[in-house]
Structure formats: C-alpha cells, structure tokens
Peer 1: 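Got a structure for you, written out below as structure tokens; questions coming shortly.
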Amino acid sequence: MATLVGLHKKSAAQSAAGSGSAAASNPRKKHVAKNRKGAAAAAAAAEPCAPSKLTALQQKKMDEPYRNLDIPHLDLLVRSANQNGLGDLINGLQTSRMLMVGTKWTVAIDSNHPDLATMLPCFAGVEKGALEGAYHEIALETPGMVGTKDRLVVTEYGYRTAKELNEYTRSSGLREHEIGIMSNLGLRQPLALSELHLSQPHLREVLPKHGKEWRFFFGYGAGQKERARYDLLLDRVIFDPSITQAIVFPVNHHTVGEDSKKSRLGVTYLERYLEKRKAPLAQLKRGKVVEFDSLTVETLSLANRVIKVVAMKPKQVIAYSDMQQLWRAADTSFTIAEGDQSFSEALSAGIPMAYQLWRTEGTAHKQALYDSFVKQAGSVAEFIVRCANYPENDLNHGELVKIIEDCNRKQFLTQYSEFTAGLVETYDIAPRLRGFVKRYWVRMNRHALAQELPVFGEKFGVVSALEAAGRFEEAHARTLDMLGSCGIHIGLFNARQKKFGRQGAIRVGMGESLERQAMPREVFALIYKYDDSDFSEAPPSAPPSEATGASPAPTATAAAGTAPMGASAAAGVGVAPATPKPPSS
C-alpha cells in the first residue's frame with residue numbers, strides 16, 4: 001500500500017509537470033548529477049509545442065523520418081464509430097492490425113458498431129477497448145473529422161481538403177498530401193472455390209465444392225445508394241456468352257428489403273433488374289429461389305448457360321476472414337466496389353473495378369479519390385471511366401461490349417494488375433501511419449525525454465521553433481539530425497519506462513497475478529508510469545556529450561537541456577522565442 005501511495009503521489013506530480021514528465025524534485029534520486037538536475041528544472045519549465053505552420057504535405061513529410069524510430073512499447077486505442085456501414089468498422093480494425101505489425105504495441109479498438117463481436121476475432125491480437133475507463137497512451141480515431149492534442153484522427157479516403165488538416169490530422173487517400181490506402185497483396189494469391197474454409201455455413205452450401213467450370217464474380221456495393229454498378233456486374237456476366245456457369249455475389253447487407261425477401265418497392269433488386277432487361281433477355285428463365293437464414297439464391301437459365309445470383313438478407317454480415325477468402329477466389333476479370341475498404345481490397349486483389357460514385361447534393365461521394373485514381377491509371381484509365389459512367393437501370397449495349405472485351409483480353413488484365421500492384425505498394429498507408437503515431441508520441445513525451453537526454457531537449461526545441469515558423473526544409477533537416485543522434489536513446493527510454501507497463505507486465509507473467517487479484521485499471525496506470533530508477537540506486541549520469549556521443553553543446557543553457565522553445569534553441573535558428581509558459585499535457 002505504501003508503494004502504491006508513493007506511485008500515486010508521483011503520478012500526480014507528473015500530471016502537474018506535463019505529459020510524460022517526472023516530478024520536478026525527487027529526494028530519492030540521490031545520485032543524479034547536478035547537470036541532470038538542471039535538465040530536469042529546464043524540462044519542467046518547458047513551453048508546450050507551438051502550433052505548427054506547416055502545410056498538410058509538409059506535415060506528411062515530417063512524419064517520414066519517424067518511421068524507422070524504434071519505440072518498442074505503446075498502448076493505443078483506435079476508435080471507430082458506427083456510421084451505418086461495415087466499412088468504417090473494418091477501417092478501424094485494419095488500422096489496429098497495421099499498427100501492430102512489426103511492433104510490440106498493444107492496440108485496442110473502441111466501437112459501438114453492432115457487428116464488432118463478429119469482426120474482432122478476424123483480427124488476431126487486437127483487443128476490445130473503451131474510450132473511457134481504460135488506460136491508453138494514444139487515442140486515434142479512424143475515420144474521423146479533425147484531430148486534437150488529445151486524439152489523433154485519420155480521415156476517410158480523399159474526404160478532407162489539405163486546408164482542413166492540422167498537425168494531429170492526416171487524410172488517407174491517393175492525393176499528394178494524403179498518407180495512402182490500406183493494402184493487402186495477399187489477396188492476389190488465388191484460392192479455388194473448393195479450397196475455401198468459410199465460417200458461414202450457408203456460404204459453404206451455396207458455393208460449389210467441385211468443378212473448375214464455375215466462375216465466381218464477387219464484389220461490394222450492390223444497390224445501397226445507387227444500383228448502377230450492381231446492374232453493370234450482372235450485365236457483364238449475363239451478356240457475355242463465353243460464360244457458361246457463374247455465381248454472382250455482390251455483398252451488401254441492404255441487397256434485399258426489410259422483410260428479408262422484398263424491397264420497400266415490393267420487389268427484389270434482381271427482379272427490378274430483370275424487369276428493365278426483359279426485352280434483350282426474353283429467353284431467360286428464372287428458377288426457384290432458395291432461402292437461407294442469411295441469404296437467398298436465385299438461379300437464372302439462358303440457353304445452355306446457368307447463372308446463380310446470391311443476395312445477403314438485411315442486417316446479415318460476413319465475417320471478414322471469409323471476405324478475404326472470397327476476394328482470393330473471385331474471378332479476376334471484373335468486380336465492383338464502393339467506399340474505402342472495398343476500394344482497397346479490389347486494388348489489392350488486382351481485379352478490374354467499377355467504382356460506385358453515388359451522387360449526393362453537389363460533388364459526388366469520393367470524387368477526389370476517384371479523380372486521383374484515374375489520374376494515375378495510364379492505359380487502363382479509359383476502362384475505369386467507362387465503368388463509372390455506366391447508366392443506372394438502363395442497358396448501354398455499345399459501352400457494355402467494350403467493357404466485356406477488355407475483361408476478356410489477357411493483355412488488358414495484365415496491364416491492370418501491374419498498375420494496381422504498383423499503386424498499392426507506393427501508397428501503402430501502414431508505414432506512414434506508424435510514423436504519424438511515433439512522431440506524436442515523441443512530442444507528447446518531450447519533457448521526460450529532455451529530462452533524460454538534455455541534448456534531445458535542445459534539438460527538439462530547434463525543430464519546434466522551425467515548425468512554428470513554417471520553415472519546413474530546415475525543420476526536416478534538423479529532425480533527421482535529432483533522430484540520428486538521439487534515436488537509440490529514445491528507444492531505450494521507451495523500453496525502460498515500459499518495463500513494468502501494462503503490456504510488459506502481462507508478457508512477463510506479472511500481469512497474471514495482478515489480474516487474479518482484480519487490480520483496478522487506475523493501479524495498472526500507476527504501474528505503467530513507474531520509473532524503476534526511483535527504486536534503485538542510479539549511477540551518476542554522464543555529461544550529455546559522453547552519454548549520447550554528441551559534440552558538446554555550444555552554450556551553457558544548451559548543456560543544461562533548455563526547454564524546447566527556450567531562448568538558445570530559438571535563437572539558434574533565428575526565431576524569436578515565445579514568452580515561457582507552464583508546461584501542459
């Protein structure tokens with residue numbers, strides 16, 4: 001209990017001193033050299049980072065040097081609100097997964113989406129978290145609107161203009177100032193329908209277990225906002241006589257209406273499609289509709305051809321692990337997509353895509369994303385535009401013939417596959433996302449780092465002053481210098497501070513005994529902030545030049561570890577220092 005009281009007192013002192021700061025005075029650190037005491041005092045008086053005046057593109061470039069910075073341990077919370085679609089939930093879960101790849105970070109997701117329990121097991125290692133009442137160092141919302149110093153935000157693909165962004169906000173997408181899209185080249189590894197291991201039993205019954213003659217057309221975006229791409233998917237299959245046996249499965253939980261079979265218009269989407277096409281499809285015969293708990297299957301016959309159309313019932317979903325397999329088993333000649341996730345998946349799979357640009361008042365949804373996609377498409381751009389312009393409800397026979405010809409041309413399929421492979425590799429969001437998070441962590445822990453490593457405090461102060469002045473080139477160069485000389489020490493600082501942290505404790509077994517005692521979360525938070533040097537005799541610290549291998553600081557104030565926006569740092573770059581203020585978190 002005495003230990004916990006001591007921890008609580010220390011935690012309160014840290015809060016008063018700013019994010020990540022230790023108490024300004026601690027009588028138990030008897031062996032700390034005087035210059036370290038000076039550094040601690042300077043860090044305690046440190047001014048918070050001034051607002052950055054860098055542009056969105058410059059902010060993106062400033063994240064780049066942090067990508068390779070070793071920060072072994074972080075506790076992150078990713079938040080994804082329910083916005084009437086699976087895409088936002090999968091976006092949050094994918095973000096959580098990508099933050100964990102190649103790291104030892106603990107990542108939890110907070111979402112009010114009703115399908116979180118179904119999708120969470122598909123993302124190994126991601127925990128279920130809560131915005132309130134759970135300890136986390138960094139909160140990140142995706143997709144979101146605008147970030148603040150307490151919460152990072154990554155917006156939807158192409159959704160924000162560069163002028164709307166700040167140092168805590170990044171936009172995903174393909175434009176120059178955006179940080180990329182989610183990629184998964186594993187979706188290019190083909191998987192036969194007979195090799196699928198699906199968790200959804202009715203899907204296993206619908207898809208044939210044998211027979212290579214069946215072609216499986218899969219996509220996302222069938223009729224929830226507009227039905228043009230759904231119509232085009234059916235047109236591409238039904239009007240291509242070379243396709244003799246096919247399964248068409250456009251995933252969307254609103255494919256049929258609220259009574260599970262009929263739409264609000266009293267007909268299914270497929271019935272409405274066939275009504276519009278009854279003249280050219282006069283010979284088509286409809287078979288019996290087979291009903292399952294979560295989906296329906298209708299068989300269409302045209303001469304010697306058989307086409308099965310699968311439709312999800314309302315409020316039914318497919319586990320994401322099944323979705324990944326279905327993308328790999330899909331026919332590589334054509335698909336449809338809508339929004340963010342299916343756009344990324346179709347590109348990752350390398351399948352020629354008709355993208356749904358559903359219209360609202362003013363600009364079409366995702367217009368910026370679509371425009372940047374077409375701009376980079378080169379020789380396959382004409383196909384993308386033709387598909388996007390395909391009319392809703394009506395049959396455009398001339399355009400359809402051209403689309404089908406491209407889909408059946410090996411040369412076109414190769415060109416499209418190569419184009420998308422290069423695109424997803426170039427615009428992979430994962431490393432940029434981790435760089436964004438690492439840079440934020442360094443800023444939030446600048447006081448404690450300056451206390452630990454005075455030379456870092458001086459260098460960070462220079463960078464901060466240059467960012468506040470909008471001097472990007474100099475700020476970028478100084479950042480490279482700072483991370484080059486201090487990077488290893490930042491990583492060691494993080495590793496030591498987290499030695500008894502939540503994830504560290506759990507991994508070494510300590511967490512098991514604590515959890516069995518039902519220890520409150522706030523106690524875990526106190527342990528997480530525990531600095532083991534408080535409970536052991538620390539050796540005298542070497543001067544900054546010896547400890548870091550850096551050259552001696554040019555001024556006495558620099559040697560003492562000035563505040564990030566202190567006089568010597570600002571003067572060193574020709575920027576007038578701001579009036580000192582108390583530290584903030």
Side-chain angles (χ1 to χ4, degrees), residues 67 74 76-103 105-129 136 138-144 147 152-159 169-174 178-189 219-221 251 253 317-328 337-350 353 366 369 420 423-437:
R67 285 165 55 168
L74 281 182
L76 299 103
L77 181 75
V78 175
R79 185 169 185 268
S80 178
N82 179 17
Q83 298 181 21
N84 192 33
L86 278 174
D88 292 333
L89 173 61
I90 300 301
N91 189 310
L93 286 164
Q94 287 278 37
T95 298
S96 303
R97 179 189 62 81
M98 288 188 299
L99 288 169
M100 297 177 67
V101 174
T103 72
W105 297 354
T106 299
V107 184
I109 185 166
D110 171 53
S111 176
N112 61 346
H113 198 288
D115 296 311
L116 175 62
T118 301
M119 298 301 175
L120 184 60
C122 305
F123 295 83
V126 179
E127 303 176 1
K128 183 178 179 180
H136 55 270
I138 297 175
L140 186 149
E141 183 174 346
T142 178
L152 299 178
V153 161
V154 178
T155 72
E156 294 183 59
Y157 289 9
Y159 193 68
T169 312
R170 297 290 178 271
S171 178
S172 51
L174 298 173
E178 294 170 337
I179 63 172
I181 61 175
M182 297 178 181
S183 61
N184 181 4
L185 290 178
L187 298 184
R188 291 182 180 241
Q189 300 173 6
Y220 184 93
V251 176
H253 57 287
V317 297
I318 299 175
Y320 193 69
S321 55
D322 288 352
M323 288 280 289
Q324 301 290 281
Q325 294 184 67
L326 294 174
W327 276 113
R328 293 175 56 193
E338 168 187 307
D340 291 359
Q341 285 306 306
S342 56
F343 177 84
S344 295
E345 288 157 5
L347 286 182
S348 296
M353 165 178 50
K366 300 294 179 186
L369 174 66
T420 52
L423 196 71
V424 296
E425 182 178 0
T426 301
Y427 289 92
D428 182 10
I429 197 175
R432 296 184 181 95
L433 184 65
R434 290 192 286 270
F436 177 39
V437 169

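None of the values given here were measured: they were computed from a predicted structure.
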Peer 1: Return the OG1 to CG distance between Thr106 and Leu77, rounded to the nearest 0.5 Å.
Peer 2: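 One gets 12.0 Å once the value is rounded to the nearest 0.5 Å.
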Peer 1: Tell me, do Leu86 and Met119 make a side-chain contact under 4.5 Å, heavy atoms counted?
Peer 2: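 Heavy-atom side-chain distance check passes, below 4.5 Å.
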Peer 1: Should we say atom OH of Tyr159 is surrounded by more than 12 heavy atoms from elsewhere, each under 6.0 Å from it?
Peer 2: no
Peer 1: Can you tell if the side chain of Glu127 reaches within under 4.5 Å of the side chain of Ile109, non-hydrogen atoms only?
Peer 2: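 A side-chain contact is absent here, since even the closest heavy-atom pair is not under 4.5 Å.
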Peer 1: With the side chain counted from C-beta on, respond yes when Leu74 and Val437 share a heavy-atom pair under 4.5 Å apart, and no when they do not.
Peer 2: yes
Peer 1: Could I get the full list of side-chain contact (heavy atoms from CB on, under 4.5 Å) partners for Thr426, not counting sequence neighbours?
Peer 2: none
Peer 1: First locate atom OG of Ser80, then atom NE2 of His113, and finally report the distance between them rounded to the nearest 0.5 Å.
Peer 2: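 Separation between the atoms: 8.0 Å.
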Peer 1: So, taking the atom named CG in Leu326 and the one named CD in Glu345, what distance separates them when rounded to the nearest 0.5 Å?
Peer 2: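 So the CG of Leu326 and the CD of Glu345 are separated by 10.5 Å.
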Peer 1: Evaluate the side-chain proximity of Arg79 to Leu140: yes if any heavy-atom separation is below 4.5 Å, no if none is.
Peer 2: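 Counting from C-beta outward, Leu140 and Arg79 never come under 4.5 Å.
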Peer 1: In sequence, state the C-alpha distance, the side-chain angles, and the governing distance for Glu141 and Leu152, and then conclude on side chain to side chain contact (heavy atoms under 4.5 Å, CB included).
Peer 2: CA-CA 6 Å; Glu141 183 174 346; Leu152 299 178; over 6 Å; no
Peer 1: With sequence neighbours left out, write down each residue that passes ring pair (Phe, Tyr, Trp, His ring centres under 6.0 Å) with Phe436, or none if nothing qualifies.
Peer 2: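 Testing Phe436 for ring pair (Phe, Tyr, Trp, His ring centres under 6.0 Å), a comparison that skips the adjacent residues, returns none.
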Peer 1: Looking at OG1 of Thr142 and CZ of Arg170, how far apart are the two atoms once the value is rounded to the nearest 0.5 Å?
Peer 2: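 Going from OG1 on Thr142 over to CZ on Arg170, the span is 13.5 Å.
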Peer 1: Please check this pair: side chain of Arg432 against backbone of Asp428, looking for a donor-acceptor N/O pair closer than 3.5 Å.
Peer 2: yes
Peer 1: Taking atom types as modelled, find out whether Gln94 and Arg97 have a side-chain donor-acceptor pair closer than 3.5 angstrom.
Peer 2: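 A pair is found: one side chain offers a donor N or O, the other an acceptor, under 3.5 Å apart.
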Peer 1: State the OG-CG distance between Ser348 and Leu185, to the nearest 0.5 angstrom.
Peer 2: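 Interatomic distance, Ser348 OG to Leu185 CG, rounded to 0.5 Å: 6.0 Å.
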Peer 1: Could you walk me through whether Val101 and Arg434 pass the side chain to side chain contact (heavy atoms under 4.5 Å, CB included) test, one step at a time?
Peer 2: CA-CA 10 Å; Val101 174; Arg434 290 192 286 270; 4.1 Å; yes
Peer 1: Tell me, with the steps shown, if Met100 and Val126 meet side chain to side chain contact (heavy atoms under 4.5 Å, CB included).
Peer 2: CA-CA 8 Å; Met100 297 177 67; Val126 179; 3.8 Å; yes
Peer 1: With a 4.5 Å limit on heavy-atom distance, are the side chains of Leu76 and His136 in contact?
Peer 2: no
Peer 1: Taking C-beta and beyond as the side chain, do Leu423 and Leu174 meet within less than 4.5 Å on heavy atoms?
Peer 2: yes
Peer 1: Looking at every non-hydrogen atom in both residues, tell me the closest pair between Met353 and Ala337 and how far apart they are.
Peer 2: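 What the structure gives for the nearest pair is SD-CB, 3.4 Å.
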Peer 1: Would you call Gln341 and Tyr220 a side-chain contact if the rule is heavy atoms closer than 4.5 Å?
Peer 2: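 The answer is no, as the side chains (C-beta and beyond) never meet within the 4.5 Å cut-off.
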Peer 1: What pair of heavy atoms forms the shortest contact from Ser96 to Ala108, and how long is it?
Peer 2: OG-O, 4.5 Å
Peer 1: So, for Ser111 and Leu116, which heavy atoms are closest and what is the spacing to 0.1 Å?
Peer 2: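 Looks like O-CD2, 3.8 Å.
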Peer 1: Report the relative orientation of the aromatic rings in Tyr157 and Phe343; use parallel for angles under 30°, tilted for 30 to 60°, perpendicular for over 60°.
Peer 2: perpendicular
Peer 1: Only counting residues at least two apart or in another chain, list the ones meeting side-chain contact (heavy atoms from CB on, under 4.5 Å) with Thr169.
Peer 2: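 Scan of Thr169 (side-chain contact (heavy atoms from CB on, under 4.5 Å), adjacent residues dropped) gives Val146, Val153, Thr155, Leu165, Asn166.
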Peer 1: I need the minimum non-hydrogen distance between Trp327 and Ala349, along with the two atoms involved.
Peer 2: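 Result for this residue pair: CE3-CB, 4.3 Å.
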Peer 1: Whether Glu338 and Lys366 form a salt bridge (side-chain N of Lys/Arg under 4.0 Å from carboxylate O of Asp/Glu) is what I want to check.
Peer 2: no
Peer 1: Supply the atom-to-atom distance Ile318 CD1 to Met323 CE, rounded to the nearest 0.5 angstrom.
Peer 2: 6.0 Å
Peer 1: Can you confirm whether Asp340 sits close enough to Asn91 that some side-chain heavy atom of one is under 4.5 Å from a side-chain heavy atom of the other?
Peer 2: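 Asp340 vs Asn91: side chains touch.
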Peer 1: Closest heavy-atom contact between Leu120 and Lys128?
Peer 2: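 In this case the closest contact between Leu120 and Lys128 is CD2-CB, 3.8 Å.
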Peer 1: May I have the step-by-step check of side chain to side chain contact (heavy atoms under 4.5 Å, CB included) for Ser171 and Glu178, ending in yes or no?
Peer 2: CA-CA 5 Å; Ser171 178; Glu178 294 170 337; 3.3 Å; yes
Peer 1: What pair of heavy atoms forms the shortest contact from Gly350 to Thr420, and how long is it?
Peer 2: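 Heavy atoms only, the tightest pair is CA-OG1, 3.4 Å.
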